[in-house]
Trainee: 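Here's a structure for you.
Quick note: numbers below take in every heavy atom, side chains included, and nothing from hydrogens, waters or symmetry partners. Sequence lines set the chain letters: A, B, ... in the order given, protein chains first and strands last, and positions in each chain run from 1. Quantities reported herein were computed from a predicted structural model and do not represent experimental measurements.
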Amino acid sequence: MSIEKSGLRVRFAPSPTGALHIGGARTALYNWLAARHYGGDLVLRIEDTDLERSTPENVAQILDALRWLELDWDEGPVSQVGRAEDHAAALQKLLDSGAAYRDAATADDVKAWKSEHGADRGYRGTPSEDGSGAIRLRVPDDGDTVVNDLIRGEVRFPNRSYDDFVIARGDGSVLYNFAVAVDDADMGITDVIRGDDHLSNTPKQLLVFEALGIQPPRYAHVPLLHGPDGKKLSKRHGAASVQELRDAGYLPAAIRNYVALLGWGPGDDETLLSTAELIERFRPEDVGRSSAVFDEKKLRWMNGRYMRELPPGEYRESVRSFVEAETVGRPLNEDRFAFGCEIVQEKAQTLQEVWPLIRFLFEPPVQDEKAWRKVMKGDAERVLVAVTEALQAVPAGGEGPNGDGFTIEAVQTALEPLPEKLELGAGKVFQPIRVSITGTTISPGIFESVAALGREETIARIEAARSRLDA
RNA sequence: GCCGCUAUCGUCCAGGGGUCUAGGACGCCGGAUUCUCAGUCCGGAAACCGGGGUUCGAAUCCCCGUAGCGGUACCA
């Protein structure tokens, strides 16, 4: 039970009750940043003493989310349940020293006692004669237990408001506040960085440390993250689990940057911070004290910034799974895919937004009738005739994404003079092309889109639109 | 109920006794980019929870109130 360790040791200790939500992810990130900043160790511990909720699937989900976020750990995952022997040893020690005792009173007994005495008074039990009953830790009546929090400063809790709380059930299975303290002690944790919701429990853990005769770690309680409704973020706020953010097309680096800024700022007005900068500048004591609200709009913006800065190859690979999910069963035209990615990299804010923009390259256009009515009128037919002529005049050759001479430049050279030639606004000329080839009014730049589609398909789609116009 | 935490633009982060006519970012509104959408650029509106103190002076310190949140389990 030695805590002889040089350097900082922090831990992330989620309870596997489901997906990792953004609040848990931030706690993990802060611990990770602290460990990396100070060159310490991060221990991953799974708080699985809640038999019911702790399933292997839930544990796997959390590990999966952490890995996807690219947050690695130096030790673990350690199962809290797996440490039962150590817990039992600590328990016995407290029983032997008299710091803890068995109390025959049942939970109902205590409840009854409390309703009689009011809640401003902690319950104090009496050791049972026969050695049965739950095990409680003795809490002194007088004095305060003070938490010296890195973020909150000194917080005092009057001892008399705490019960002699149960640290183990009658069968010897230990409870959370006891297990945490024993684990943190055994693992030599130097700094506990965790959610604010644990602040009120900290005195109990401190009392356990004291009973054990062990120096407690430093504590830093970070404010909770709230949902848009102002309530503590939880499973109920579905949109905020890490896997959902992944599925929505956010990049891990963007999430790290955004989440780091929820409750913490670098001190100046920088908002775009690389992971290296985050590590360099983050200090747990600089975390703010008030709770923050997760705002997906800002994450989107930030994600767009990260997407634009990706090297083309990485961009393509990030987008790939989102496109493949839409093209199952069909081979993906790699050249087209690559070119399509290039022409939308400046546009999309999430990976999910890419497919709708380049869909027309892989499927026949699905006509948006509203778009058709809006655009395919007036001079549209005349325009399309001229466009076809102009495109047919583009010199053939091996250039361009389709090897047919349709480079962005060649297409631009052919189409750009048309508005003036036809004495029409540019929109009047380009929108009918867009609707013809994509079925919608929304697409990448028109020259880029035509080049991406290629000579044959572009002209065929325009021809199809013209025949519909005739009908 | 009791214990505790928190309180600056809609949201996030600065500012911690005078330099604050309160700064930056997202979002929003307007303009530009005479191809859509998006992006980008430029401009704008937008906040110190309330009341008392302390002080020459308070967004900043103290107290009270209010509100929000957390804890108060033989859950974690």
Side-chain angles (χ1 to χ4, degrees), chain A residues 13-17 47-54 80 103 105-108 110-111 114 118-122 133-136 147 149 151-152 155-158 160-163 165-171 173-177 179-180 195-204 221 223-224 226 228 230-232 258 261-272 288-302 304-305 308 344-349 353 356-357 371 375 415-416 419 425-431 433-435 438 440-447 449:
Chain A
S15 58
T17 54
E47 227 101 280
D48 52 3
T49 50
D50 186 348
L51 19 55
E52 315 274 305
R53 294 185 284 183
S54 302
Q80 195 163 52
D103 179 17
T106 65
D108 285 341
V110 177
K111 206 176 282 179
K114 290 186 88 88
D120 56 339
R121 221 306 167 192
I135 300 172
R136 293 179 183 276
V147 180
D149 196 273
I151 294 169
R152 318 262 156 198
V155 186
R156 317 188 78 89
F157 296 85
R160 63 174 279 141
S161 65
Y162 283 91
D163 291 335
F165 58 99
V166 177
I167 56 178
R169 302 183 181 89
D171 65 5
S173 61
V174 294
L175 263 23
Y176 173 73
N177 283 120
V180 169
D196 210 3
D197 48 343
H198 292 281
L199 183 57
S200 304
N201 281 326
T202 306
K204 294 182 182 175
H221 286 96
L224 258 22
H226 289 171
K231 295 267 193 288
K232 173 184 174 181
Y258 174 71
L261 261 23
L262 249 27
W264 173 83
D268 52 27
D269 285 332
E270 296 299 322
T271 49
L272 261 4
R289 292 168 304 279
S290 56
S291 59
V293 173
F294 173 71
D295 176 22
E296 198 175 339
K297 293 258 184 62
K298 190 164 183 174
L299 208 210
R300 283 179 80 80
W301 163 79
M302 195 174 276
R305 297 289 300 245
R308 268 169 264 138
V344 297
Q345 182 157 5
E346 297 295 312
K347 299 171 74 75
Q349 307 251 89
E353 289 168 20
L357 288 170
V375 171
L415 297 181
E416 209 164 33
K428 290 280 184 225
V429 176
F430 298 140
Q431 283 298 74
I433 306 176
R434 198 182 315 274
V435 169
T438 71
T440 76
T441 56
I442 300 169
S443 86
I446 196 65
F447 311 133
S449 298

Trainee: Check every strand shown and say whether F157(A) touches a base, only sugar-phosphate, or nothing at a heavy-atom separation below 4.0 Å.
Mentor: sugar-phosphate
Trainee: So, using side-chain contact (heavy atoms from CB on, under 4.5 Å) as the criterion, who are the partners of A348(A) when residues are at least two apart?
Mentor: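 Partners of A348(A) by the side-chain contact (heavy atoms from CB on, under 4.5 Å) criterion, ordered by chain and then number, come out as M307(A), Y315(A), E353(A), V354(A).
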Trainee: Could you check whether D196(A) pairs with R152(A) (Lys NZ or Arg NE/NH1/NH2 to Asp/Glu carboxylate O, under 4.0 Å)?
Mentor: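 Looking at R152(A) together with D196(A), the answer is yes, because their closest N to O distance falls below 4.0 Å.
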Trainee: May I ask you to say what S290(A) touches in the nucleic acid, namely base, sugar-phosphate or nothing, with a heavy-atom cut-off under 4.0 Å?
Mentor: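 Contact class for S290(A): sugar-phosphate only.
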Trainee: In the strands shown, is G1(B) matched to any nucleotide by a Watson-Crick or G-U wobble pair with both distances under 3.5 Å, and which?
Mentor: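 WC or wobble partner is U72(B).
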Trainee: Only counting residues at least two apart or in another chain, list the ones meeting ring pair (Phe, Tyr, Trp, His ring centres under 6.0 Å) with Y162(A).
Mentor: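 Once residues adjacent in sequence are excluded, Y162(A) has no partner under the ring pair (Phe, Tyr, Trp, His ring centres under 6.0 Å) criterion.
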Trainee: Just the rounded figure in Å: distance from P of G10(B) to NZ of K297(A).
Mentor: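 Value for this atom pair: 14 Å.
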Trainee: Shorter than 3.5 Å, N or O on both sides, protein versus nucleotides 20-25 of chain B: list them out with atom names.
Mentor:
unit_1: G23(B); atom_1: N2; unit_2: D269(A); atom_2: OD1; d: 3.3
unit_1: G24(B); atom_1: O4'; unit_2: D269(A); atom_2: OD2; d: 3.2
unit_1: A25(B); atom_1: N3; unit_2: K298(A); atom_2: NZ; d: 3.1

Trainee: Counting only heavy atoms not in K114(A), do more than 12 sit closer than 6.0 Å to its NZ atom?
Mentor: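 Yes, enclosed.
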Trainee: Nearest whole Å is fine: how far is G4(B) P from L199(A) CG?
Mentor: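 After rounding, the reported distance stands at 11 Å.
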Trainee: Could you tell me how far apart E346(A) (CD) and C41(B) (C1') are, to the nearest whole angstrom?
Mentor: 14 Å
Trainee: I need the F157(A) CZ to T202(A) OG1 distance, nearest 0.5 Å.
Mentor: 6.5 Å
